[in-house]
Amino acid sequence: MSDDATWVPAGVDTDQPSVARMYDYFLGGGHNFAADRHLADKVLEVIPAKDIARINRSFLRRAVRYLINEAGIRQFLDLGSGIPTVGNVHEIAQHENPDCTIVYVDNDPVAVAHGELMLQQNANATTILADLRHPKTVLGHDETLRLIDFREPTAVLMCAALHFVRDEEGPADIVAAYRDALCPDSALVMSHATHDDYPEDLARAAELYKDTKNPVTARAREQIIEFFAGFDLMPPGVVLLPLWRPDFGEIADPRRSLCYGGVGIKTI
Ligand SMILES: C[S@@+](CC[C@H](N)C(=O)[O-])C[C@H]1O[C@@H](n2cnc3c(N)ncnc32)[C@H](O)[C@@H]1O
């Protein structure tokens with residue numbers, strides 16, 4: 001995609017790298033600019049971000065299918081949903097069950113503009129421009145309430161998103177606010193960067209992300225498990241992403257995914 005693209009929403013600063021557009025670049029998408037690619041290439045010198053992005057999307061796919069087929073979930077609130085790409089949550093979910101409803105939430109205008117375009121003909125899915133750090137705004141948004149009935153089981157997805165929330169912003173309280181809005185049998189899906197296995201590489205990558213509006217806070221497995229407070233973790237628990245109910249085979253070194261993931265179900 002050329003950099004004189006007409007699809008850029010007004011007011012978007014294409015000179016400042018955006019984590020949404022860098023992630024799009026890692027996944028081979030076309031909604032990114034020179035500044036995004038420049039920083040993304042530097043990240044790639046430090047961590048295998050293209051592999052990580054692909055592994056993360058694969059985890060997301062498996063988790064959504066699991067929730068529909070084994071937990072009976074039909075409603076999805078996807079926080080930090082990103083620029084639409086192959087295998088979006090609504091595609092996976094509505095393929096399994098066309099009645100599934102999906103609300104995408106992102107604070108990146110490019111992600112939201114493309115979500116809106118993609119979903120024009122889809123009555124059961126929508127995209128809202130909002131900050132996941134403000135649960136009241138997200139949960140009370142007209143579009144959220146149009147498609148999600150919180151008296152029915154709902155999955156909150158936080159995939160590769162919560163590591164953009166700093167410790168001082170209270171990530172556990174943010175997750176808890178979403179949890180408290182959910183009824184029993186609802187779910188939390190989370191994937192999250194970790195420095196457990198390659199602390200130096202992660203520190204170097206995190207340093208690069210300081211040039212974006214979304215610095216990264218990688219966390220230890222124990223901290224990520226704590227975010228599931230109030231949810232029962234489904235087997236195999238919080239594990240390196242390739243190890244969460246893999247469809248086939250295993251990659252050579254799951255630790256290189258640099259991310260943990262898990263699915264919890266709210267029982268009370
Ligand atoms: C690495 S992408 C992950 C996309 C998708 N969830 C996935 O797992 O494939 C992270 C996304 O989170 C979004 N994001 C970061 N901080 C956010 C915030 N405070 N509120 C809403 N979205 C946020 C970014 O704009 C970006 O689109």
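In this chain, residues are counted from 1 in sequence order. Just so you know, ligand 1 is whichever comes first in the structure, and atom 1 is the first atom listed for that ligand. Everything quoted here is computed from the prediction, not taken from an experiment.
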Q) Do Asp24 and Arg21 meet the salt-bridge criterion of a basic N to acidic O distance under 4.0 Å? A)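 Asp24 and Arg21: not salt-bridged.
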Are any of the side-chain nitrogens in Glu45 or Lys42 under 4.0 Å away from the carboxylate oxygens of its partner?
no
Kindly say whether His90 contributes a backbone atom to a donor-acceptor pair with the side chain of Tyr104 at under 3.5 angstrom?
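Pair found, side chain donor or acceptor close to backbone of His90.
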**Request:** Report the relative orientation of the aromatic rings in His114 and His31; use parallel for angles under 30°, tilted for 30 to 60°, perpendicular for over 60°.
**Result:**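 Tilted: the ring planes of His114 and His31 meet at 30° to 60°.
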Angle class for the Trp244/Phe59 ring planes (parallel below 30°, perpendicular above 60°, tilted otherwise)?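 Correct class here is perpendicular.
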Subject >> Close-range residues for ligand 1, whose non-hydrogen atoms fall below the 4.0 Å threshold >> reply: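 Heavy-atom contacts below 4.0 Å: Val19, Ala20, Tyr23, Asn56, Arg57, Gly80, Ser81, Gly82, Asp106, Asn107, Asp108, Ala130, Asp131, Leu132, Arg133, Cys159, Ala160, Phe164, Asn214.
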Sorted by chain and number, sequence neighbours left out, side-chain contact (heavy atoms from CB on, under 4.5 Å) with Ala93 holds for Val64, Ile68, Phe76, Cys100, Ile102
